[in-house]
Amino acid sequence: PYIRTWVLALSASVFAEIGDLRNAKLNIRHALQSMTKIKEPSTRAEMYALIASAKADLEDFNGATENIANAFAEIDKTKDPFLSALALTFVAHAQAKIGQKENYRKTIFEVITKASTLRMGPRALVLSFAASTQAEVGDIRASQKTIESAIAAAKMLRDNHSLAPALAF
């Protein structure tokens with residue numbers, strides 16, 4: 001259900017961007033329906049945030065805000081700081097898309113704060129996601145600073161298996 005929901009939510013954004021509103025709305029509806037099969041709160045949080053982004057692409061800002069709230073509710077259930085930090089990067093992106101710049105900044109700050117508590121591999125990965133989000137929303141100076149921190153963490157990794165995901169972003 002995770003991959004199916006992920007594909008539905010992401011494709012909804014693509015459909016919205018190319019003007020196929022019918023398929024965008026249909027995929028959002030299907031993504032929301034498949035959420036009941038996802039057991040992990042952090043994964044549900046990511047999906048809600050992706051759906052919020054798709055709703056923002058449809059200019060459904062109330063729907064986006066509702067899904068951001070749902071994402072935060074799931075993050076609150078997530079015990080693992082690594083998984084919650086990853087989910088928060090998706091939330092920050094959705095917040096920026098609907099113009100919640102101050103909330104976006106607070107959420108990215110929380111991501112970076114959580115990342116600082118993680119081992120180097122997870123830290124590098126979370127910071128890479130955060131930098132990617134920052135760059136996507138035009139927060140270029142912050143993105144440069146964050147990616148420098150991600151690279152510094154990645155340089156401390158000793159094995160290529162741990163290094164590859166961090167450098168992929």
Side-chain angles (χ1 to χ4, degrees), residues 6 9-19 24 41-76 78 80-169:
W6 189 279
L10 289 174
S11 63
S13 282
V14 172
F15 283 129
E17 288 180 23
I18 63 172
S42 62
T43 304
R44 284 195 306 268
E46 290 176 9
M47 296 304 110
Y48 278 125
L50 289 172
I51 291 166
S53 288
K55 288 201 172 256
D57 291 332
L58 290 170
E59 298 183 5
D60 178 2
F61 301 120
N62 289 334
T65 300
E66 178 183 329
N67 280 282
I68 288 169
N70 291 340
F72 274 122
E74 295 299 331
I75 289 166
D76 288 343
T78 303
D80 185 325
F82 169 67
L83 295 176
S84 64
L86 284 177
L88 284 167
T89 62
F90 293 100
V91 171
H93 186 264
Q95 289 171 321
K97 278 182 112 173
I98 62 171
Q100 294 182 354
K101 297 295 185 192
E102 188 57 34
N103 289 339
Y104 152 80
R105 284 186 196 92
K106 287 177 186 175
T107 302
I108 281 292
F109 180 79
E110 186 176 352
V111 169
I112 293 168
T113 300
K114 282 181 185 257
S116 71
T117 69
L118 302 173
R119 291 173 289 120
M120 288 303 142
R123 179 184 303 178
L125 186 60
V126 167
L127 291 173
S128 296
F129 266 92
S132 177
T133 297
Q134 290 168 316
E136 278 187 48
V137 303
D139 197 358
I140 302 305
R141 193 169 294 146
S143 176
Q144 289 171 328
K145 183 178 176 185
T146 304
I147 201 62
E148 287 170 6
S149 297
I151 291 168
K155 284 182 178 178
M156 298 180 84
L157 299 174
R158 299 289 174 239
D159 64 284
N160 289 335
H161 178 73
S162 298
L163 183 60
L167 295 179
F169 292 89

Exercise. Between Q134 and I112, is any pair of side-chain heavy atoms under 4.5 Å apart?
Worked result: yes
For this session: Please name the pair of heavy atoms, one in A56 and one in A64, separated by the smallest distance, quoted to 0.1 Å.
Result: N-CB, 4.0 Å
For this session: For the residue pair Y104 and D139, establish whether any side-chain heavy-atom pair is separated by less than 4.5 Å.
Result: yes
For this session: Calculate, to the nearest 0.5 Å, the distance between atoms CZ and CD belonging to F61 and Q100 respectively.
Result: 10.5 Å
Problem set entry | S143 to A131 - nearest heavy-atom pair and separation | OG-O, 2.9 Å
Exercise. Which salt bridge (Lys or Arg N to Asp or Glu O under 4.0 Å) pairs, counting each pair once, include a residue from residues 90-104, with sequence neighbours left out?
Worked result: D57-K97, E102-R105
Problem set entry | Nearest-0.5 Å distance that lies between atom CG in L50 and atom OG in S13 | 7.5 Å
For this session: Using a cut-off of 6.0 Å, state whether more than 12 heavy atoms not belonging to N62 lie near its atom CG.
Result: no
Problem set entry | Closest heavy-atom pair and its distance - A154, A124 | N-CB, 3.8 Å
Seminar exercise, completed: Residues A85 and V111: closest non-hydrogen pair is O-CG2, 3.7 Å
Problem set entry | Separation between CD1 of I75 and OG1 of T107, rounded to the nearest 0.5 Å | 8.0 Å
Exercise. From I147 CD1 over to S132 OG, what is the distance, rounded to the nearest 0.5 angstrom?
Worked result: 8.0 Å
For this session: Look up atom CG in L125 and atom CE in M120, then write down how far apart they are to the nearest 0.5 Å.
Result: 14.0 Å
For this session: Please examine the side chains of F90 and F129, heavy atoms only from C-beta on, and report whether any two atoms are closer than 4.5 Å.
Result: yes
For this session: Using atom types as modelled and distance alone, determine if a side-chain donor or acceptor of T78 lies under 3.5 Å from a backbone N or O of E74.
Result: yes
For this session: Answer yes or no: is there a side-chain heavy-atom contact under 4.5 Å between E46 and W6?
Result: yes
Problem set entry | Side chain to side chain, V14 and L10, heavy atoms closer than 4.5 Å | no
For this session: Would you mind reporting whether K114 and V126 have side-chain heavy atoms less than 4.5 Å apart?
Result: no
Exercise. Of all heavy-atom pairs between R123 and L118, which one has the smallest distance, and what is that distance?
Worked result: NH2-O, 3.0 Å
For this session: Assess whether atom CD of E59 is packed by more than 12 heavy atoms of other residues, nucleotides or ligands within 6.0 Å.
Result: no
For this session: Locate the shortest heavy-atom distance separating T146 from A130; write the atom from each residue and the value.
Result: CG2-CB, 4.0 Å
Exercise. Under 4.5 Å between any side-chain heavy atoms of I68 and I98, yes or no?
Worked result: yes
For this session: Could you grab the distance from atom CG of L127 to atom OG of S116, nearest 0.5 Å is fine?
Result: 8.5 Å
